[in-house]
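For reference, the structure is listed below as structure tokens.
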Amino acid sequence: MSLILAFSAYLHGQETVKGSEASIQSPDRKLTVKFYQKAIGPGRRAMYYQVHYDNKQVIAESELDLQLDNHLSERAMALKVDKHEKWFENLSITNISTSSKDSSWSPVVGERAVIRDRYNALTVQAIKDDNPIYPVNVEIRAYDQGAAIRYFFPENEKGTYYRIVSENTEFSLPEGTRAWHASWAQAPYRLLPLKDWPDESERPLTLELPNGLYACLAEAQMVDYARTKFKLSTSRPNTILTSMYTPADLVSPFGTPWRVIMVAEKYGDLIQNNDIILNLNPPSKIADQTWIRPGKIMRVMSQTTADAKANIDFAVRHKLQYVLFDWKWYGPAFSFSSDASKVAIPNFDLPGIIQYGKERGVGVWLYVNQQALLAQSDSLFKIYRKWDVKGVKFGFVQVGSHRWTTWVEKAIQQAAEAKIMVNIHDDWRPTGEQRTWPNLMTSEGIRGNEEMPDATHNTVLPFTRYIAGAADYTICYYDKRIKTTHAHQLAMAAVYYSPLQTLYWYDKPELSENEPELEFWDKIPTTWDETKILQGTPGQFITVARRKGQDWFIGTLNNTEARSLRVDLAFLPRGAKYQASIYNDDPDGGTKNKVGIQRIKVNSKTVIDSRMLASGGQAIWLKLLK
């Protein structure tokens, strides 16, 4: 159970409050957020903030701003119509308060068994000085991992509806900062300066600062709003702005999504600190969570009863928990005439397949496209529950607008009510709501093996997309289009986090000869008690170590250039001895897929020297010796 220590206080040495200025520090006192308001013209004011880490500038003076247009609601309710050029320009600060929290919680599935939620907070209360029905709070939190800022609108006494037409939160960065830019959620990445971007960039947005720090701009609790990407300011150099996809129409009380500024001294710490996004979301709303079961899944490429049973048999041999039947099993996926409660293809006995899998401990997931979900979700998940279906993969969901954001969040909740797990595909990315609805197991929003990217791209993903949370990369093994070595593919299961981990995406059971190196996938779990980023730089290489119980699984991904790396096992408990099974690229021997296996005894003093091939990788399983 969580131990929650939350209290309002004026913390000496950690926060300062003076008139229209205030500052707050993280619990470890390395990060400081300064807030202030100042005049920008006659009778006009603006709010600003700055962020420093270890006395180094992360965010220079940057404006906090929303633009609202409530005139239709104001006129309909015979209220005063706000005609200010900037909605925030006549806000008067009425109070500034501080608070602190330190708690811990255990996720149903996650990258670690216990997550600490510790921060110091600042709440700036303001009101429109010519219209007191409009109070607004600026909420700021300082974590050891970074800062978070959002706007909160208390209940409006006149019931006015709110229409946010743009959010213009600024992030002014040091000159020379570079960003890992991606034009859409499944796009390739490019490391670009803060100028001449081809278009807006996806979130999270990982940054290299010239002062040796690393940062990541992220979004948390985007569940009743429009998605915001990042764009460059046209008026201020080295400045990024939030950019809403569509307006958001809201009813008070409500808070906008959190704007997160993660800061770290090492690239790998950004990955290790991504719990900040979960912590900015409410706790789980699912009382009985026993039915939420992580696992490994493979797609059935040919949807016949015989092929389904062959895949289930393969799943049993290779310790997979689920199989997936992908699109068109119920008819044309893009047609509203297709009924996702009926099988529409011949020679496909779905009830018999589900029973066959149940008898062998393998569950069934079904793909459903947005058209059927939109038309049938009020009843569909309950039907699937009666069928004993374990999960649904949402396909081709629309993303970005306020409308489709609220729709997909409702669908996740409807699935939870029917005890159905969820995997959302295509351009959608999570913002931490998997803490609130842990039946959301994973999502796409990633350039994975559907596009068969190269190894360099694969080394960028942990430092960018995976900061947002679990991703369904759809790992393959036998497909001839793979642009990496097989050891690289093996290692992905340890490097990439997904409690529903897709393996053998384009593969078929008949392609397998039960190669001995597949024991790494056979043994590896999908959720973890502990995660450590041992080394890495995006675009070059990464090594991740994850523990479940007493065993560790380590994965290294290399880019398209050969190199030598050392995997230091100093993180292991002193005195403990392990058998290390090392799965290396071996062009001259090993299996038909050129993977060799070496078994050695190791401890915390061991350093494994690895010669990494171009586009190569290495997987290691450490089993504790009794």
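Nothing here was measured: the structure is a model prediction, and the numbers come from that model. This chain uses plain numbering: 1 for the first residue, then up along the sequence.
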- Note on the structure: Smallest heavy-atom separation, V364 atom then Y322 atom, equals N-CD2, 4.5 Å

- Message: According to side-chain hydrogen bond (donor to acceptor under 3.5 Å, both in side chains), who are the partners of R546, at least two apart in sequence or on a separate chain?
- Response: E111, T531

- Task: Using side-chain hydrogen bond (donor to acceptor under 3.5 Å, both in side chains) as the criterion, list what pairs up with S284, not counting sequence neighbours.
- Result: Q289

Residue pair [X] / [Y], side-chain donor-acceptor N/O under 3.5 Å:
{"X": "D199", "Y": "H181", "answer": "yes"}
{"X": "T242", "Y": "T228", "answer": "no"}
{"X": "E359", "Y": "Q355", "answer": "yes"}
{"X": "T405", "Y": "Y225", "answer": "no"}

- Item | Inter- and intrachain pairs under salt bridge (charged side-chain N to carboxylate O under 4.0 Å, His left out), touching residues 281-298, at least two apart | D288-K419

- Message: Tell me which pairs pass salt bridge (charged side-chain N to carboxylate O under 4.0 Å, His left out) where either residue lies in residues 402-412, with sequence neighbours left out.
- Response: none

- Query: Rounded to the nearest 0.5 Å, how far does OG1 of T484 lie from CG of D454?
  - Reply: 9.5 Å

- Within 45 degrees of the axis of the six-membered ring of F381 and under 6.0 Å from its centre: does R385 put its NZ or CZ there? no

- Pairs where residues 392-402 contributes a residue and the test side-chain hydrogen bond (donor to acceptor under 3.5 Å, both in side chains) is met, not counting sequence neighbours: D224-H402, D326-K393, Q398-W404

- Give every residue pair that meets the ring-ring contact (aromatic ring centres under 6.0 Å, His included) criterion with at least one member in residues 413-459, sequence neighbours excluded. none

- Query: Do F553 and F520 have ring centres separated by under 6.0 Å?
  - Reply: yes

- Kindly assign one of parallel, tilted or perpendicular to the pair W327 and F396, based on the angle between their ring planes and the thresholds 30° and 60°. tilted

- Message: Would you call the rings of Y504 and H318 parallel, tilted or perpendicular, taking 30° and 60° as the class edges?
- Response: tilted

- Message: Under the side-chain contact (heavy atoms from CB on, under 4.5 Å) test against W180, which residue among C216, P538, S201 passes?
- Response: P538

